[in-house]
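Below, read A as the first sequence line, B as the second, and so on, with proteins coming before strands; counting in each chain starts at 1.
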There are 2 protein chains.
Amino acid sequence: MAAIRTVRSFNRAVTQRIGLFTDRFLDRDRPLAEARLIFEIGSDGVDVRELRARLDLDSGYLSRLLRSLERQGLVEVVPLAQDRRIRRVRLTPGGDRERQELDRRSDEFARILLDPLAEDERRRILDAMREVERLLSLSAAVIEWPDPTSADGRWCVEQYCSELAERFEMGFDLGRSISADVEELRPPRGAFLVARLDGRPIGCGALKTAGPQVGSIKRMWVARSARGFGLGRRILAALEMRATDLGFSRVCLETNRFLGEAQKLYRRNGFTEVAAFNDDPYADHWFEKTLRQK
Amino acid sequence: MAAIRTVRSFNRAVTQRIGLFTDRFLDRDRPLAEARLIFEIGSDGVDVRELRARLDLDSGYLSRLLRSLERQGLVEVVPLAQDRRIRRVRLTPGGDRERQELDRRSDEFARILLDPLAEDERRRILDAMREVERLLSLSAAVIEWPDPTSADGRWCVEQYCSELAERFEMGFDLGRSISADVEELRPPRGAFLVARLDGRPIGCGALKTAGPQVGSIKRMWVARSARGFGLGRRILAALEMRATDLGFSRVCLETNRFLGEAQKLYRRNGFTEVAAFNDDPYADHWFEKTLRQK
DNA sequence: CTAGACCTCGGACTAAAGTCAGAGGATGGC
DNA sequence: GCCATCCTCTGACTTTAGTCCGAGGTCTAG
């Protein structure tokens, strides 16, 4: 219960102090929603649809906000060449100046916050902020079980492959590795998960049948941007739980010598190294773990 | 600059994730402002004037919000017996049920946040949250130089005295201690500061003339609720800076053997213990520090 | 007893935020 | 080529949030 009190107190303190800032510093005689929009469009521009998803705005509302910014000469909205239903927003030079001004103010707030602190206090608050942010992200990550053929699922597997190709001395060709066809990754024979953060896929993992009551873990991947947060552990734990549900009493996996962090992850989470149980050309280490029954 | 990026990224992440919560979890088919009000009134009730100060609301606006809650049967507003200009708001039983419901939701959010984390991650995020909260408070504390006779100034000094009375074996009587009259604590002979957090006084400190070019630090006090944040350091630093401005080249102070943390604070901030330079009946240790000229 | 200060209240607004429904152009699959 | 679907836009609203200001009750110092 002390934990809950800590979280509540933190929420309160932070929303008060930082929320106040958002109001004051982003306020340039312009509705907050518009200022946030300028910020969110950024110097590169975005598709309207993505903007809507990111900020979770009503399409009519967003459209009207964009019209207003357009009237002020801050943005321009043009249809995308490939698909003229989609429109892309871009800041005009004037809009970008505005964005830079907002940026400057945001920096100024950070300076005001750090300024009264002594050197070591500053170091400590920065460390703690990074820690909170990291773990909040981890906590906010959502695990879903889409079909392995879904767009995001395929995207994750592609990322997984291209990363392995890059890291393995011998390159990587999914076809040569021990199979894990789409069919094998669907219940009841297996499962496939995608982890998302704010809607964006940031990791995946899969489970297939390796033998009677034995599951095999495949396709464990975490986006570079989400590494070091503990997401690997969450994915692994979710797969193990799912494995239990699917009736496996044991899971195994193989991994490559170039993936040191992965081996550490498995060991830390109760996997023990065993003798080779297959001849996957990319495998150097084999692990297994007996699942606790529910 | 990495520091500024860290702060900005933290602000963004936290306002997004926690701000979202505020909207969703406090939303009970009721304007947010009303929900916040119910929360802020709490189970004990508050004076309308304090509510206004705490939430920084326009008096008309607040009044209208209270009328609305009254119509819903959630609060009652009654004039205070001692001063019938001031009115006190109290939750009705129905209002308190509502408050408990909001409380429950707030707890639930905390649980949702902690739930996906492993034991050690949970411990780490809680530690980091406490750290951020503490240091944000420290950073948000504001140092002011009111007249020593101001209401808040006198209040702080009273707190200071009653705490010393409680902690000293021999009790404490301000009159017997080396004097520091109001006159002595005003420029150009001295100075008096109050530290505030969100408007509430949480500490004080004073400076008087002890000899040619020598200042004496008096009345250093930090509210119990604000201890361990580093506020003592900020007050001390502010007094030293002011001492330089007033033309002192050296500051000294005396302290009592029962105030261990205070001695540590002085030593940590460049004060060195010296032989007794006065006969204050409550002093056991004497310190001084040569100020760096600007 | 009175003037001035304090506190709260209600009226009259304005601006911002957000919702809903439907129009209409663009695209892709058949 | 046709139809369902996707994406964006506009118009017509409602609800919240917030500001300004003067009225009027209550208290305190002189």
**Student:** To the nearest Å, give me how far apart CG (A:Leu69) and P (C:dA17) are.
**Tutor:** 12 Å
**Student:** When you measure from the side chain of A:Arg85, which nucleotide among C:dT27, C:dC9, D:dT26 comes out closest?
**Tutor:** C:dT27
**Student:** Which part of the nucleic acid, if any, lies within reach of A:Leu32 when heavy atoms closer than 4.0 Å are counted: base, sugar-phosphate only, or nothing?
**Tutor:** sugar-phosphate
**Student:** Taking only the side-chain nitrogens and oxygens of B:Arg84, find out if one of them lies under 4.0 Å from OP1 or OP2 of D:dG25.
**Tutor:** no
**Student:** Would you mind reading off the distance between B:Glu70 atom CD and C:dC9 atom C1', rounded to a whole angstrom?
**Tutor:** 11 Å
**Student:** Between A:Arg36 and A:Ser59, just flag the one whose closest nucleotide in DNA chain C comes earlier from the 5' side.
**Tutor:** A:Arg36
**Student:** Main chain of A:Ile202, side chain of A:Arg196: is a donor-acceptor contact present, judged purely on distance under 3.5 Å?
**Tutor:** no
**Student:** Starting at the 5' end of DNA chain D, which residue's closest nucleotide do you reach first, B:Leu65 or B:Gly60?
**Tutor:** B:Leu65
**Student:** Let me know the distance between CG of A:Leu57 and C1' of D:dT8, rounded to the nearest Å.
**Tutor:** 14 Å
**Student:** Looking at every strand, decide which applies to A:Arg64 at a 4.0 Å heavy-atom threshold: base, sugar-phosphate, or nothing.
**Tutor:** base
**Student:** Does B:Arg87 put a side-chain nitrogen or oxygen below 4.0 Å from OP1 or OP2 of C:dC9?
**Tutor:** yes
**Student:** Without decimals, in angstroms, what is the distance between A:Tyr61 OH and D:dG11 C1'?
**Tutor:** 16 Å
**Student:** Tell me: CD of A:Glu34 to P of C:dA16, nearest whole Å?
**Tutor:** 8 Å
**Student:** Is A:Arg49 close enough to D:dT8 that one of its side-chain N or O atoms is under 4.0 Å from OP1 or OP2 there?
**Tutor:** no
**Student:** Between D:dC9, C:dT19, D:dC7, which nucleotide gets closest to the side-chain atoms of A:Asp58?
**Tutor:** C:dT19
**Student:** How many whole angstroms separate atom CG of B:Leu62 from atom P of D:dC21?
**Tutor:** 19 Å
**Student:** Expressed in angstrom and rounded to an integer, what is the separation of B:Leu55 atom CG from D:dA17 atom P?
**Tutor:** 12 Å
**Student:** Give the nucleotide from the list C:dT8, D:dT10, C:dG10 with an atom nearest to the side chain of B:Ile86.
**Tutor:** C:dT8
**Student:** Indicate whether any N or O donor in one side chain lies under 3.5 Å from an N or O acceptor in the other, for B:Ser137 and B:Glu133.
**Tutor:** no
**Student:** Give a yes or no answer on whether the side chain of B:Ser150 reaches the backbone of B:Pro146 with a donor-acceptor pair at less than 3.5 Å.
**Tutor:** no
**Student:** How many whole angstroms separate atom CZ of B:Arg30 from atom C1' of D:dT16?
**Tutor:** 14 Å
**Student:** So, is A:Arg52 near the phosphate of D:dT8, with a side-chain N or O under 4.0 Å from OP1 or OP2?
**Tutor:** yes
**Student:** What contact category does A:Asp83 fall into here, base, sugar-phosphate, or nothing, at under 4.0 angstrom with non-hydrogen atoms?
**Tutor:** sugar-phosphate
**Student:** Any Lys/Arg nitrogen of B:Glu40 or B:Arg36 sitting under 4.0 Å from an Asp/Glu carboxylate oxygen of the other?
**Tutor:** no
**Student:** Donor-acceptor pair, distance only, cut-off 3.5 Å: does the side chain of B:Ser139 make one with the backbone of A:Pro116?
**Tutor:** no
